[in-house]
Amino acid sequence: MKSYFAPASTGNFSVGFDLLGAAFEPVDGSLFGDVLRIHGEQAENSLTLSGRYVHQLPQQTDDNLVLKCFYAFEQKIGRTLPRLQLELVKNLPVGSGLGSSACSIVVACYAFNDYFGKPLDDYQLLQLMAQLEGGVSGSVHYDNVAPSFYGGLLLMLPDSPLLCRTLPWFEHWQVVLCYPGTVLSTKEARAVLPQQLTLKHSIAFAGMLSRFISALYAWDEAEAFAALQDLVAEPARQHLMPELLPIREQLTAQGIGHVGISGAGPTIFAVCQNDVQAKFAADYLQQHYAKNSDAITTVCRLSRQGARAL
Ligand SMILES: Nc1ncnc2c1ncn2[C@@H]1O[C@H](COP(=O)(O)OP(=O)(O)O)[C@@H](O)[C@H]1O
Ligand SMILES: N[C@@H](CCOP(=O)(O)O)C(=O)O
């Protein structure tokens, strides 16, 4: 049996709509992401499902992204592959803003490529992942698949053969992620976005993202926090998450540097500079934002590692 893992990710990281994404792992060393097991080869593909969020997956395994990835991978490499006995351990909530669909896509594509002797290079594999993610969310965006695949904080580079590049990160930053337990589909959250930006708005967006990236390279933490502003998605999505502004007010009043929407929401992320802030944010979010038994609050650091064999 072979086991593979891919981590959770936060798309946008507030300031970089569709262009910035980060992979996270809990500071307690536990794994926060999906696991795919390949038990062996057989006449037909089969997929068994387990894990904390298995109940949020489609009833029909044929609708599961893991099998869609298998056939898309087979088509991409252009030869018929042996069928597999597969098991997905679904550890990330679906429609959560934690890159759940991307995580299953990344772990599946990574696993198939590794298992079948790496017929695709990283560039081809990432393109396939993004194309599959586009099929779920309605438009191709790399800001979840790329960090889940490579790890780290990544800047997408559209039209570059590199596709994305790793950015610097403040090592002491801890990111508290709180998923409230309610589902918000990425497709729906993308449908409320503006179709066009004015020239002034486009310049403001590009300016803020540039300011954040230059602050990272200059190791200027105050500037980095000042630049963590979402000028594109948050104004359009705020009504889907009415708790965001009061929560931000409470947490920033405690000195916490940034509070934003993880991906398309409803997960909220808080960027903290020390253990005291992280504990405060985690307790506060768990008390005021968690809504049911599906909710999860976790204190994370950047995951330098992306998809891998376990
Ligand atoms: N293995 C899987 N993991 C996550 N979602 C899956 C999977 N297989 C199928 N799906 C479907 O893909 C869609 C993912 O929804 P989406 O809002 O994009 O989630 P997320 O924002 O968490 O990535 C849902 O309709 C879900 O039922
Ligand atoms: N850039 C995308 C990110 C979606 O992330 P998800 O985790 O909610 O799928 C967007 O903001 O739509």
Side-chain angles (χ1 to χ4, degrees), residues 6-24 32-36 47-70 72 86-109 111 129-130 132-148 154-156 158 164 177 179-194 205 209 230-238 240-241 260-269 294 296:
S9 60
T10 287
N12 304 333
F13 210 68
S14 291
V15 66
F17 178 73
D18 274 3
L19 294 174
L20 209 53
F24 291 113
F32 191 43
D34 294 349
V35 171
L36 187 74
L47 176 64
T48 52
L49 302 170
S50 60
R52 178 169 175 191
Y53 294 100
V54 65
H55 60 287
Q56 295 185 349
L57 289 171
Q59 298 284 315
Q60 299 293 327
T61 47
D62 279 352
D63 294 334
N64 200 289
L65 289 166
V66 167
L67 290 180
K68 292 187 178 170
C69 288
F70 181 90
L86 298 163
E87 179 189 353
L88 173 68
V89 187
K90 189 67 203 170
N91 293 324
L92 288 188
V94 176
S96 57
L98 291 164
S100 173
S101 50
C103 190
S104 279
I105 289 168
V106 169
V107 77
C109 293
M129 291 165 178
L132 282 153
E133 172 76 338
V136 182
S137 67
S139 56
V140 174
H141 58 97
Y142 283 73
D143 54 328
N144 289 115
V145 285
S148 198
L154 294 181
L155 177 67
M156 309 311 129
C164 59
L177 297 167
Y179 164 64
T182 52
V183 170
L184 176 55
S185 109
T186 307
K187 210 173 201 166
E188 274 172 49
R190 289 182 83 82
V192 303
L193 296 170
F205 168 62
L209 181 55
D230 181 347
L231 303 180
V232 174
E234 188 182 306
R237 288 174 171 166
Q238 230 168 58
L240 301 171
M241 295 175 57
I261 304 173
S262 178
T267 293
I268 284 180
F269 75 104
D294 275 347
I296 183 165

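Values in this document were obtained by computation on a predicted structure and should not be read as measured data. When a ligand or atom number is given, it counts from 1 through the structure's own listing order. Atoms considered below: every heavy atom in the structure, side chains included; atoms not considered: hydrogens, waters and symmetry mates.
- Not close to ligand 2: A233, with no non-hydrogen atom less than 4.0 angstrom away.
- At a heavy-atom cutoff of 4.0 Å, ligand 2 is contacted by the side chain of N144 but not by its backbone.
- The closest side-chain donor-acceptor pair between S101 and E133 falls under 3.5 angstrom.
- Taking every non-hydrogen atom of R190 and a distance limit under 4.0 Å, the qualifying atoms of ligand 2 come out as 1 (N), 2 (C), 10 (C), 12 (O).
- Residues that satisfy the ring-ring contact (aromatic ring centres under 6.0 Å, His included) test with F269, not counting sequence neighbours, are F13, H258.
- Residue contacts with ligand 2 include R237, since one of its heavy atoms falls under 4.0 Å from the ligand.
- Applying the side-chain hydrogen bond (donor to acceptor under 3.5 Å, both in side chains) test to S139 and every residue at least two apart in sequence or in another chain returns R190.
- Of the listed residues (I261, V232, T186), the one carrying the non-hydrogen atom nearest atom 9 (O) of ligand 2 is T186.
- Which parts of ligand 2 touch G99 is read off a 4.0 Å heavy-atom cut-off, strictly below it: atoms 7 (O).
- Here N12 has side-chain heavy atoms under 4.0 Å from ligand 2, and that is the only part of it that gets that close.
- For D230, the side-chain hydrogen bond (donor to acceptor under 3.5 Å, both in side chains) test picks out no residue, with sequence neighbours left out.
- V94 is listed as a side-chain neighbour of L57, based on a closest heavy-atom distance under 4.5 Å.
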Sub-3.5 Å pairs, protein N or O with ligand 1 N or O:
residue, atom, partner, partner atom, Å
ligand 1, 1 (N), N64, OD1, 3.0
ligand 1, 1 (N), S104, OG, 3.0
ligand 1, 3 (N), K90, NZ, 3.0
ligand 1, 3 (N), S104, OG, 3.3
ligand 1, 8 (N), L65, N, 3.0
ligand 1, 17 (O), T186, N, 2.8
ligand 1, 17 (O), T186, OG1, 3.1
ligand 1, 18 (O), S101, OG, 3.4
ligand 1, 18 (O), T186, OG1, 3.2
ligand 1, 19 (O), G95, N, 3.1
ligand 1, 21 (O), T186, OG1, 2.6
ligand 1, 22 (O), G95, N, 2.8
ligand 1, 22 (O), S96, N, 3.2
ligand 1, 22 (O), S100, N, 3.4
ligand 1, 23 (O), S100, N, 3.3
ligand 1, 23 (O), S101, N, 2.8
ligand 1, 23 (O), S101, OG, 2.5

